Every structure is written in structure tokens, then in C-alpha cells.
Protein chains: 2
Amino acid sequence: MDSAERVDLVIARLKEAGEVGVAELAEASGHSEMTIRRDLDRLESQGVLRRVRGGAVSLVPRGQEPPYVLRERQAVEAKQRIAARVAALVPTGAALALDSGTTALEVARELAGRPVTVMPLSLQGADVLARSAETTVLVAGGEVRPGELNLHGPLAEASLAAVRFDVAVVGCCGLSAGDGVTAHDLPDVAVKRAMMRSSQRTVAAADSTKIGLVTMGYVCPVGEIDTLVTDDGAPEDALAEIRAAGVDVVTV
Amino acid sequence: MDSAERVDLVIARLKEAGEVGVAELAEASGHSEMTIRRDLDRLESQGVLRRVRGGAVSLVPRGQEPPYVLRERQAVEAKQRIAARVAALVPTGAALALDSGTTALEVARELAGRPVTVMPLSLQGADVLARSAETTVLVAGGEVRPGELNLHGPLAEASLAAVRFDVAVVGCCGLSAGDGVTAHDLPDVAVKRAMMRSSQRTVAAADSTKIGLVTMGYVCPVGEIDTLVTDDGAPEDALAEIRAAGVDVVTV
DNA sequence: GCGAAACGAACATACTCAGTGTTTGAATGA
DNA sequence: TCATTCAAACACTGAGTATGTTCGTTTCGC
């Protein structure tokens with residue numbers, strides 16, 4: 001069991017019980033207690049948990065978005081397939097606004113090197129795209145959320161408002177026919193709205209775990225999405241409802 | 001002779017003769033030709049030179065700013081000392097605009113972790129600063145120059161205009177009492193002006209090789225600089241002239 | 001206050017990966 | 001055509017990281 005698997009184990013136990021013990025993890029993973037302690041210390045510095053004597057307790061509150069370091073390890077393969085499909089929807093020479101988040105970062109990796117103009121809403125996205133001379137990167141301003149490295153606030157919205165895009169690629173935390181597109185917090189909602197306002201078309205990229213989910217920040221009714229790209233794990237009836245709202249649903 | 005020294009050697013020869021040979025470099029550096037080829041390939045991908053059969057020719061035109069990959073290896077120690085002094089001038093809680101460039105990047109490293117609000121004008125600066133939870137990062141929007149990773153254009157200027165700073169930390173390519181503060185290109189000039197316009201005080205950070213130099217883009221007369229931080233390698237008479245213009249000159 | 005458990009600093013070991021050199025066959029240009 | 005240059009493939013090396021072990025210190029329950 002390697003480092004990544006150990007982290008998965010810690011997360012799983014925290015999700016079940018809300019707390020874990022060092023000895024218990026050492027036993028289960030087959031590693032020394034010292035190594036487990038080092039794992040837990042790292043996760044604490046990433047804000048995932050809080051160390052207590054003998055183990056650790058969960059810090060991720062229910063219903064809130066898990067931290068970036070955890071999300072980036074979830075459904076990686078599905079996200080890459082979705083990202084490839086989204087990138088294929090972007091014509092050469094197009095201008096697009098690219099949301100923050102793990103799925104959007106994969107889209108950035110796919111787009112890097114293609115002759116398009118991109119406004120990424122995250123520093124990681126900007127970094128990936130700026131390495132290529134072919135791609136024009138027009139980074140949005142804004143306040144950087146620590147840990148997440150995404151951009152929000154009035155500066156971000158002003159940057160988006162100053163440009164017109166062919167396509168907005170938005171990630172979302174929840175998407176259901178009844179409750180529309182939702183995000184985890186309000187600053188993100190404002191940014192997503194600004195992206196959509198400045199773009200002719202909106203493409204939503206969401207892995208199937210997001211379908212049917214409803215989170216706190218309401219962005220818009222599903223009907224405002226032009227195209228949804230998701231993986232094939234979503235229940236067919238939920239997708240049918242979304243299609244009925246006029247969305248072009250693509251599964252990969 | 002390690003990798004960094006070999007690159008220096010390549011640059012030196014290119015500066016003298018405009019071209020270098022693989023065999024010649026292998027001889028001079030004491031390394032195999034294969035290693036030299038790999039060095040040259042890397043430098044080609046960084047835009048420093050163009051490979052030709054048997055060697056390489058220079059791509060950096062006279063009078064233009066050398067690429068970032070070269071500048072970052074020049075006067076490293078002086079830049080770090082200057083950066084530490086500049087950071088010391090920034091009071092806790094202050095808001096500052098931070099220029100792009102290698103010296104400013106060192107300032108960012110010094111500032112990371114301190115409770116200040118920073119608007120960096122480069123992606124690297126943003127990256128360094130955003131890692132710390134203590135520091136508020138308000139990244140400027142704008143177009144990213146490939147290779148350089150700095151931000152310019154109307155979006156950057158608009159971001160700067162939307163905020164008021166206590167201090168602007170500007171790097172410069174040239175600084176002389178007679179010809180004022182100069183930069184290498186016009187988009188940079190506009191950004192530096194916008195930084196200064198939005199800030200109460202301007203601190204210029206420039207290693208001594210920049211003192212007395214004049215480059216193409218005129219930014220402002222030296223008198224508009226409040227404080228200049230430089231290393232002790234600058235000629236005293238040049239510094240005296242700058243002081244006479246009302247600049248508080250600090251040497252480290 | 002006492003003792004057991006947990007902790008973390010320090011050192012030793014194992015592993016990974018980037019950088020380098022050598023070989024060899026293909027590509028290039030005089 | 002032929003010598004030179006190139007680049008792919010493989011082996012070697014050293015730096016840096018991850019892990020385990022030891023041991024003295026800290027913490028908590030009693």
C-alpha cells in the first residue's frame with residue numbers, strides 16, 4: 001500500500017467514523033506508526049483533518065465541498081475523458097472562459113498547445129496554459145482563495161465582463177433538472193454567472209456523481225446550459241429530465 | 001562544471017561569436033557531446049538559441065531584454081539581498097502592487113507568509129504568494145506573455161486602477177538621473193505607470209547593473225521614485241545624482 | 001505524582017528520478 | 001559516397017524523498 005492509498009484509507013475512515021487512530025491505521029496499512037503520523041501531519045497542513053493525540057478527527061464539515069487535495073484524486077479517469085470531450089467541442093481559434101476546479105484543470109491540459117484564447121479562473125489553469133506559446137492566456141484578475149487557487153471577487157467579475165467569449169466551460173458541484181446548476185459557495189456563483197453572461201454558449205463539465213446533486217449556491221436553471229458533458233455513470237432518467245430542459249447531453 | 005555553468009558558457013560564447021559548436025563546448029566543459037546537445041535542445045525550447053547542425057546560433061537580438069531563463073541566473077545573490085530589504089520596507093497589513101521580473105519574484109518569496117495584501121503582476125509571483133494562508137493575494141488580470149509569465153494589457157491596467165495600494169514595488173531595466181526610469185517594452189511601461197498611479201509610495205528594486213542604464217520604454221523621471229533599493233556595486237556619483245532628484249537611495 | 005502510551009527528533013536505509021555517458025544505427029550534408 | 005552529426009536506447013550515478021528504527025521527551029489518565 002503506497003502513500004496515495006494510505007491517504008484514501010484515512011479519508012474513508014474519517015468519512016465513516018469522523019475519527020481515526022494512528023495504531024489502527026498502521027495495522028491496516030502495514031506501515032509503521034511514524035509513517036502514519038507523517039501522513040496525518042501532511043493532511044493537517046492541507047486542512048483536511050485535525051491531529052489529536054492518538055489519531056485525527058475530520059475537519060471537512062458535512063455538505064461542504066471537500067478540499068482541493070481530496071477532490072483531485074476522485075474520479076480522475078472520468079474527469080480526463082470528460083475533459084477530452086469538452087476540449088474537442090472547442091473550435092480552433094475560439095475564445096473561452098474556463099472555470100476553476102479539477103475537471104476544468106484537465107480541460108486546460110487538453111487545450112494547452114492549441115491555438116485558442118483562454119481566460120482561466122484559476123492559477124493552476126493559467127500555469128498549465130501559459131507554458132505553451134500557441135495558446136493565448138488572458139488571466140482573470142481577482143482574489144485567490146488559498147488552497148484552492150481559484151479566482152473570485154469583483155475583479156474577477158470585471159475581467160469576465162470586459163471580454164466576450166465563444167464558449168464558457170463551467171464546472172459545477174450539483175446539477176439537477178429540478179434545482180438547476182448549483183455551486184458550493186456564493187463567490188463562485190457570481191463568477192460562474194459572469195462567465196455565462198459573457199459567453200455565447202455554455203458547456204458544463206460534470207462527472208456523474210454531480211448529477212442529481214443540489215448544493216447551496218444556486219447558479220441558474222439547467223436550461224441555460226447548452227451542452228453537458230458527463231461520464232456514463234449517471235442515472236438515465238436524471239439525464240432524460242435534463243435533456244427535456246433543452247440541454248444537449250453528451251456522455252463519454 | 002555543472003549544468004548551470006555549462007549554460008553560462010554557452011551564453012558567453014553566443015554573446016562573443018553569435019554561434020557555438022557542440023564539439024567545442026564538449027571540449028571546454030569536459031562533458032560528452034550528448035550532454036551538450038541536450039543542453040542546447042533545452043535552451044532552444046526556451047527560445048534562447050536555434051539549433052543548427054553541429055552547434056547553435058544566437059537568437060537574442062542586441063539591445064533586447066534577454067529571456068527570463070537567462071535573467072534569473074544573473075546577480076542572484078544581490079537580488080535576494082535587495083528583496084529582503086524591500087520586504088522590510090513593507091509594513092504589516094499593507095497593500096502593495098508587485099511588479100513582474102526576477103527581483104520582484106524574490107520579494108514575493110520574502111513576503112509569503114506575512115499578513116499583507118499583494119497584487120502580483122506575474123503568475124510566478126501569484127503562485128509563490130498564494131501558497132501561504134496569511135497573505136491575501138489579489139492577482140491582476142491581463143494577458144500572459146509566454147516564457148515571461150508576466151501580466152500586461154488593458155485588463156492588467158484595469159485591475160490596478162480598481163485598487164489603491166500603500167506601496168508599488170517596481171523592477172526596472174534601466175534607471176538614470178538624466179533619462180529616468182526605463183523598461184524594455186511598451187506594455188510593461190503602461191503597467192508600471194498604472195502601478196505607480198494607484199500607489200501612495202513607489203519603491204524601485206534594481207541591482208546595480210541597472211543603474212545608469214537606459215532602455216527603450218520611458219516610464220517616468222527618477223524623481224517619482226520614493227525609494228530605490230540597490231546593491232553596493234553602483235558607481236557613487238550616479239547614486240548621488242539620483243539622490244539629488246529627491247530619491248531615498250538604500251544600498252545593501 | 002506515576003506510569004504507560006504517544007510523540008517527534010535524529011539517524012540509517014531503501015527507493016525514485018533526473019542528469020549523464022556510451023553505444024549504435026539512422027540522418028545529414030559536403 | 002563518406003565522414004560527421006544526430007538521436008534513440010540503455011546503463012550508471014548521485015541527490016532528494018519516503019520509510020523504518022531508536023530513543024529521549026511529552027502528554028494524559030489514574
Side-chain angles (χ1 to χ4, degrees), chain A residues 1-14 17-59 69-70 72-73 76 109 112-113 127-128 131, chain B residues 1-14 17-59 67-70 72-73 76-77 109 112 124 127-128 131 147:
Chain A
M1 175 174 284
D2 72 353
S3 170
E5 291 174 296
R6 287 201 308 274
V7 172
D8 290 341
L9 178 67
V10 173
I11 303 308
R13 299 266 168 128
L14 281 179
E19 57 179 2
V20 281
V22 171
E24 158 203 2
L25 288 168
E27 164 87 13
S29 69
H31 281 83
S32 73
E33 298 198 351
M34 193 65 229
T35 298
I36 301 298
R37 284 195 199 99
R38 285 191 266 240
D39 286 346
L40 295 181
D41 288 348
R42 198 172 324 140
L43 288 168
E44 181 174 39
S45 75
Q46 290 170 341
V48 176
L49 49 77
R50 199 177 75 247
R51 278 293 263 121
V52 295
R53 192 174 175 79
V57 296
S58 180
L59 259 188
V69 284
L70 296 186
E72 71 178 345
R73 21 191 344 123
V76 175
R109 294 211 172 95
D127 217 56
V128 168
R131 291 182 191 290
Chain B
M1 175 172 281
D2 71 354
S3 169
E5 292 174 297
R6 287 200 310 275
V7 172
D8 290 341
L9 178 67
V10 172
I11 303 307
R13 300 266 168 128
L14 280 180
E19 58 178 2
V20 281
V22 172
E24 159 202 1
L25 288 168
E27 164 87 14
S29 68
H31 285 255
S32 72
E33 299 200 351
M34 192 66 230
T35 297
I36 300 298
R37 285 197 196 98
R38 284 191 268 239
D39 284 347
L40 295 180
D41 289 348
R42 200 173 324 142
L43 288 168
E44 180 173 40
S45 76
Q46 290 169 342
V48 178
L49 47 77
R50 198 178 75 247
R51 277 294 261 119
V52 295
R53 194 174 174 77
V57 295
S58 179
L59 261 188
Y68 188 86
V69 285
L70 297 186
E72 71 179 344
R73 22 190 345 120
V76 175
E77 200 259 345
R109 294 212 172 94
Q124 291 121 314
D127 217 55
V128 168
R131 290 180 195 291

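Please read these numbers as outputs of a predicted model, since none were measured by experiment. These values consider heavy atoms only, across backbone and side chains, with no hydrogens, waters or symmetry-generated copies.
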| DNA chain D: 5'-proximal contact among B:Arg38 and B:Ala23 (nearest heavy atom) | B:Ala23
| Of all the choices, D:dA8, D:dC6, D:dT21, which nucleotide is nearest to the side chain of B:Val22 once you look at every atom? | D:dC6
| request: Using a cut-off of 6.0 Å, state whether more than 12 heavy atoms not belonging to A:Glu44 lie near its atom CD. | output: yes
| Whole-Å gap separating C1' (C:dA9) and CZ (A:Arg37) | 12 Å
| remark: Separation of C:dG21 atom C1' from B:Asp2 atom CG, nearest Å, is 17 Å
| query | Quick one: does B:Arg53 reach the base of D:dT4 with a side-chain donor-acceptor pair under 3.5 Å? | reply | yes
| field | Distance, rounded to the nearest Å, where A:Asp39 contributes CG and C:dG8 contributes P | value | 14 Å
| query | Does a nitrogen or oxygen in the side chain of A:Arg6 sit under 4.0 Å from OP1 or OP2 of D:dT19? | reply | yes
| Would you say the side chain of A:Leu25 lies within less than 4.5 Å of the side chain of A:Leu40, judging by non-hydrogen atoms? | yes
| query | Taking the side chain of B:His31 as its heavy atoms from C-beta onward, which of C:dG8, D:dC6, C:dT20 lies nearest to it? | reply | C:dT20
| remark: B:Met1 atom CE is separated from C:dG19 atom P, nearest whole Å, by 18 Å
| Looking at B:Ser32, does any N or O in its side chain come under 4.0 Å of the phosphate oxygens OP1/OP2 on C:dT20? | no
| query | Do the side chain of B:Glu5 and the main chain of B:Asp2 share a donor and acceptor less than 3.5 angstrom apart? | reply | yes
| remark: Tested for side chain to side chain contact (heavy atoms under 4.5 Å, CB included) against B:Ile36, the lone hit among B:Val22, B:Asp41, B:Val20 is B:Val22
| note | Here the distance between atom C1' of C:dC7 and atom CG of A:Asp41, to the nearest Å, is 10 Å
| message | For B:Glu19, I'd like to know if atom CD has over 12 heavy atoms of other residues, nucleotides or ligands within 6.0 Å. | response | no
| Rounded to whole angstrom units, what separation is found between the CD1 atom of B:Ile36 and the P atom of D:dA7? | 14 Å
| query | Where the side chain of A:Ser3 is concerned, which of D:dT19, D:dC6, D:dT21 is the nearest nucleotide? | reply | D:dT19
| How many Å lie between CZ on B:Arg51 and C1' on C:dT28, as a whole number? | 13 Å
| Taking CZ from A:Arg42 and P from D:dT17, how many angstroms apart are they, rounded to a whole number? | 12 Å
